[in-house]
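For reference, positions follow the sequence shown, starting with 1.
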Amino acid sequence: MPRLLTLTLLIVAGCSTKPPPLCDDGLQNGQESAVDCGGPDCAPCPMAAACLTNTDCVTLRCARRVCVESSCGDGVKGGTESDVDCGGSCAGCPEAAACATPADCQSGSCDAGRCVAPSCTDGRKNGLETSVDCGGSVCGPCALGGGCARNTDCLAGVCVDGVCSSTCTMPLIACGAGCVDPRHDDANCGGCGVSCPPGLACLAGTCGVTCPSGTSACGPFCVDTQRDVLNCGTCGMVCAPGSRCVAGVCAPSCAANQAVCQGQCVTLATDREHCGMCGMACAPGSVCVMGQCQPSCGSPLLSCGMTCVDPRWDPDHCNGCGMACPPTPNATRLCIMGNCTRSNCNASFGDCNFNPQDGCETSFMNDPMHCGGCGRFCAMNQTCVSGQCQ
């Protein structure tokens, strides 16, 4: 009997043993703070459910034993906050506060889990920068394509619609506020600010040997930029067809009977250095007659020094050797049938006194007596601005 009683008690005890609490049994049991939620074993509880600690709630905010919505000003680190009342969906955290991502910080920079001050090397656009690690009053200027607020934010070019932009066309590049040719610019050889040492010139973007005095390196050549129509004043500045380069400035075209050779107006019919075509020089002692090298000049040409000239058309020997036509301001001097005259006036100028000796003396751009044309008077209280009475 004692053995049978013991077995009976064990069976009864086994049948009365309850199963362990579950998170889906519809009961609040075990360590749950509410039905099937909260505590160390079940998922956090939703809003308005009972709670004991913040971790019992999906909002991470337990107030008066009820799960409530997390607030950015409740003095508790909850919800998506990386620190108390900041980070996540709240405002950025100050320096030294905890962070999970750069977006958690006011500075936009999170290092080793803490918000740090912005710097010019953190790989982010933050602080006073106008672009990533550049621009503004703290960091250096930005390269082309970088963000900007003003021209000084740009290493080169200008600030257009918030972007450092270049208005230069290839092969020119923007350096500062101007366009330069990095192939030939001694101060920007191969790139902005790359200056060639004294005595060296920029050749094809590399500092090389210097050119002779009076010439400049343009590509692989040393040229006289004061006379070269292909490099007038600076490398790559090409004068218009038929014009010439005088003192580094493209000048009006030559007379009808002349051509431009090596940047100068020459008469191919009579010039010994350019007889018949540019670069065709006559032998020593011979002369150029009608574009052909001959032993001497023939009528109607005259021998003036070492050159045969046509006194009917040559402005330097008009109607005789050495009888040069006087300068004609704002026009080109001409010799026609042995008489000095001039070409038509340059744009915006006129001969309003009908005196060919002083050329085109009147500027239509600012003369109130001839505003926009000869005899166009402005009223007493008006001035002439850009050819218009105002």
Side-chain angles (χ1 to χ4, degrees), residues 168-173 175 178-189 196 201-205 208-282 288 291 304-307 309-310 313-318 324-335 340-349 359-360 363 365:
C168 306
T169 57
M170 291 294 291
L172 304 185
I173 63 173
C175 289
C179 296
V180 301
D181 190 335
R183 302 171 302 171
H184 317 303
D185 194 304
D186 292 346
N188 302 278
C189 189
C196 291
C202 185
L203 302 173
V209 296
T210 187
C211 289
S213 177
T215 64
S216 301
C218 290
F221 305 105
C222 292
V223 301
D224 184 356
T225 56
Q226 299 298 296
R227 302 176 57 184
D228 195 314
V229 293
L230 299 179
N231 303 278
C232 189
T234 186
C235 293
M237 180 60 71
V238 181
C239 294
S243 62
R244 53 184 177 147
C245 181
V246 179
V249 178
C250 292
S253 59
C254 302
N257 63 326
Q258 293 184 314
V260 179
C261 293
Q262 297 179 349
Q264 299 296 305
C265 289
V266 300
T267 305
L268 298 179
T270 59
D271 194 296
R272 291 185 62 253
E273 299 298 325
H274 307 281
C275 188
M277 63 182 297
C278 291
M280 182 63 71
C282 294
C288 182
C304 295
M306 298 293 293
T307 304
V309 302
D310 190 334
W313 309 103
D314 196 316
D316 291 322
H317 306 280
C318 191
C325 294
T328 54
N330 305 311
T332 301
R333 62 184 184 133
L334 300 175
C335 177
C340 290
T341 183
R342 60 167 177 78
S343 66
N344 293 331
C345 295
N346 295 343
S348 301
F349 290 92
C360 301
S363 171
M365 303 301 287

J.: Sequence neighbours excluded, which residues qualify as side chain to side chain contact (heavy atoms under 4.5 Å, CB included) partners of Thr215?
T.: Cys211, Pro212, Cys222
J.: Hey, does Pro182 have a side-chain heavy atom less than 4.5 Å from the side chain of Asn188?
T.: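 No, their side chains stay 4.5 Å or more apart.
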J.: Can you name the closest pair of heavy atoms from Cys325 and Cys335 and give their distance?
T.: SG-CB, 4.2 Å
J.: Shorter than 2.5 angstrom, is that how the SG atoms of Cys232 and Cys245 come out?
T.: yes
J.: Step by step, work out the side-chain contact (heavy atoms from CB on, under 4.5 Å) result for Ser343 and Leu334.
T.: CA-CA 7 Å; Ser343 66; Leu334 300 175; 4.0 Å; yes
J.: For Asp271, enumerate each residue passing the side chain to side chain contact (heavy atoms under 4.5 Å, CB included) test, keeping only those at least two apart in sequence or located in another chain.
T.: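 Partners of Asp271 by the side chain to side chain contact (heavy atoms under 4.5 Å, CB included) criterion, ordered by chain and then number, come out as Val266, Glu273, His274.
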J.: For residues Thr234 and Thr225, determine if any side-chain heavy atom of one lies less than 4.5 Å from a side-chain heavy atom of the other.
T.: no
J.: Can you tell if the side chain of Asp316 reaches within under 4.5 Å of the side chain of Arg333, non-hydrogen atoms only?
T.: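 A side-chain contact exists here, since the closest heavy-atom pair is under 4.5 Å.
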J.: What residues, two or more places apart in sequence or in another chain, satisfy side chain to side chain donor-acceptor pair (under 3.5 Å) together with Asn344?
T.: none
J.: So Cys261 and Cys278, disulfide bond (SG atoms under 2.5 Å apart) or not? Walk me through it.
T.: CA-CA 5 Å; Cys261 293; Cys278 291; 1.8 Å; yes
J.: Report the residues that fulfil side chain to side chain donor-acceptor pair (under 3.5 Å) with Asp181, sequence neighbours left out, ordered by chain and then residue number.
T.: Arg183
J.: Please walk me through it: do Cys318 and Cys340 pass disulfide bond (SG atoms under 2.5 Å apart)?
T.: CA-CA 7 Å; Cys318 191; Cys340 290; 3.9 Å; no
J.: Closest heavy-atom contact between Leu230 and Val238?
T.: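 Smallest interatomic distance, heavy atoms only, reads O-CG2, 3.6 Å.
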J.: Go through the structure and list residues passing salt bridge (Lys or Arg N to Asp or Glu O under 4.0 Å) with Asp224, not counting sequence neighbours.
T.: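 For Asp224, no residue satisfies salt bridge (Lys or Arg N to Asp or Glu O under 4.0 Å) once neighbours in sequence are set aside.
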J.: Between Cys288 and Cys282, is the disulfide bond (SG atoms under 2.5 Å apart) condition met? List the steps.
T.: CA-CA 7 Å; Cys288 182; Cys282 294; 4.8 Å; no
J.: Which residues pass the side chain to side chain contact (heavy atoms under 4.5 Å, CB included) test with Cys360, not counting sequence neighbours?
T.: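 In terms of side chain to side chain contact (heavy atoms under 4.5 Å, CB included), with neighbours along the sequence ignored, Cys360 is linked to Asn330, Ala331, Arg342, Cys345, Phe349.
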J.: Roughly how far, to the nearest 0.5 Å, is OG1 of Thr267 from CG of Asp314?
T.: 5.0 Å
